[in-house]
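Note sheet for the following structure.
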Amino acid sequence: MATINVLIAVDGAKLAEQVSDGSIQPGSADSPTNLGSYGTSDVYISMIAPNSSVSNGTQGDSELQITANGGDSVEWAITTFDNNFDQTPFLYSGAFNPSDSINTPLSYASGEAYAYLGTGNPASTSPTKFTNQVNTVTGTILKIGLKIQYTLSFVLVDNSTGNTIGYFMWDPFINVN
């Protein structure tokens, strides 16, 4: 049983701009704004996973399709394209169809991990240790031989004010062997 890591990148600047100008609604925690599917949600969301887990050439798409086996875990992490500099997203909910295909509630984890980066300009080749906040959501696949369509919901926060910009959702897929 494997863990499939999925990284979600959100265009926080685009979402903040479109909520501000009224192009899209901010939604609410109970009723997040649906970002659409395929080409529509690709404007805001990009998902990547190890190439060996991606099916149907969807690497980088918002409708990422991964292939998994029963008992595998999927671990989602989310960030913005500017690495959470201006806005921070975090996953707060997920729904699955069929509903009994993955364990719910999902496991939400937030912790600290050490990371190393080069500092200076240009970056030093001697890395500097720092503490990084890590947030993930994990679910374990319970059924085999099916295609799971699911939604993930996230909140987007303005880092300069701490105010919520909006609540959003979209719907990728898991193909289970």
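Any value given below was found using the heavy atoms of this structure, including those in side chains, with hydrogens, waters and symmetry copies removed. Along the sequence shown, residues carry numbers from 1.
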Which residues share a side chain to side chain contact (heavy atoms under 4.5 Å, CB included) with [X], sequence neighbours left out:
X	result
Leu146	Pro98, Ser101, Lys143, Ile148, Val176
Asp61	Asp42, Thr58
Asn175	Ser55, Asn56, Gln65, Thr67, Lys147
Lys14	Asp11, Gln18, Val43, Tyr44

- Item | Common cluster, Leu35/Tyr167, ILVMFWY with side-chain heavy-atom separation under 4.5 Å | no
- Do Leu91 and Leu64 share a hydrophobic cluster (ILVMFWY, side-chain heavy atoms under 4.5 Å, transitive)? yes
Smallest separation among heavy atoms of [X] and [Y], with atom names:
X	Y	value
Asn132	Ala115	CB-CB, 4.2 Å
Ile165	Pro26	O-CB, 3.4 Å
Leu106	Asn103	CD2-O, 3.5 Å
Glu63	Ser41	OE2-OG, 3.9 Å

- Can you check side chain to side chain contact (heavy atoms under 4.5 Å, CB included) on Thr138 and Val74, steps first, answer last? CA-CA 6 Å; Thr138 305; Val74 180; over 6 Å; no
- Might you work through the ring-ring contact (aromatic ring centres under 6.0 Å, His included) test for Tyr108 and Phe90, ending with a clear yes or no? CA-CA 10 Å; Tyr108 294 82; Phe90 62 91; 9.5 Å; no
- Message: Centroid separation under 6.0 Å, is that true for the rings of Phe130 and Tyr116?
- Response: no
- Greater than 12 external heavy atoms within 6.0 Å of Gln25's CD: no
- Check whether more than 12 heavy atoms from other residues, nucleotides or ligands sit under 6.0 Å from atom CG of Leu117, and answer yes or no. yes
- Message: With side chain to side chain contact (heavy atoms under 4.5 Å, CB included) as the criterion, how do Ile66 and Val6 come out once you've worked through the C-alpha distance, each side chain's angles and the decisive distance to 0.1 Å?
- Response: CA-CA 9 Å; Ile66 58 173; Val6 177; 4.2 Å; yes
- Can you run down the salt bridge (charged side-chain N to carboxylate O under 4.0 Å, His left out) pairs that involve residues 24-38, sequence neighbours left out, and say none if there aren't any? none
- Query: Where do Met47 and Ser62 land on the side chain to side chain contact (heavy atoms under 4.5 Å, CB included) test, with the steps shown first?
  - Reply: CA-CA 6 Å; Met47 298 175 71; Ser62 61; 5.6 Å; no
- Task: Evaluate the side chain to side chain donor-acceptor pair (under 3.5 Å) criterion for residues Thr79 and Asn84: first the C-alpha distance (whole Å), next the side-chain angles of each, then the deciding distance (0.1 Å), finally the verdict.
- Result: CA-CA 6 Å; Thr79 188; Asn84 296 342; 3.3 Å; yes
Is there side-chain contact between [X] and [Y], with at least one heavy-atom pair below 4.5 Å?
X	Y	value
Asn163	Val157	no
Asn135	Gln133	yes
Asn69	Ile141	no
Ser99	Thr104	no
Leu156	Thr88	no
Val155	Pro89	no

Does either side chain, that of [X] or that of [Y], offer a donor lying less than 3.5 Å from an acceptor on the other one?
X	Y	result
Asn159	Asp86	no
Thr140	Ser73	yes
Asp158	Gln87	no

Is a side-chain donor or acceptor of [X] paired with a backbone partner of [Y] at a separation under 3.5 angstrom?
X	Y	result
Asp72	Ala68	no
Ser124	Ser126	yes
Asn83	Phe85	no

With rounding to the nearest 0.5 Å, note down the distance linking [atom1] in [X] to [atom2] in [Y].
X	Y	atom1	atom2	answer
Ile48	Leu7	CD1	CG	4.5 Å
Ile4	Ile174	CD1	CD1	7.5 Å
Phe96	Leu142	CZ	CG	10.0 Å
Ile24	Asn34	CD1	CG	10.5 Å
Tyr92	Leu152	OH	CG	11.0 Å
Ser23	Glu17	OG	CD	7.5 Å

- ring-ring contact (aromatic ring centres under 6.0 Å, His included) partner of Tyr150, chosen from Trp76, Trp170, Phe173: Trp76
- Message: Checking Phe168 now: which residues fulfil ring-ring contact (aromatic ring centres under 6.0 Å, His included) with it, not counting sequence neighbours?
- Response: Phe154
- Task: Before giving the answer on side chain to side chain contact (heavy atoms under 4.5 Å, CB included), spell out for Leu15 and Val10 the whole-Å C-alpha distance, their side-chain angles and the decisive distance to 0.1 Å.
- Result: CA-CA 9 Å; Leu15 284 170; Val10 175; 3.6 Å; yes
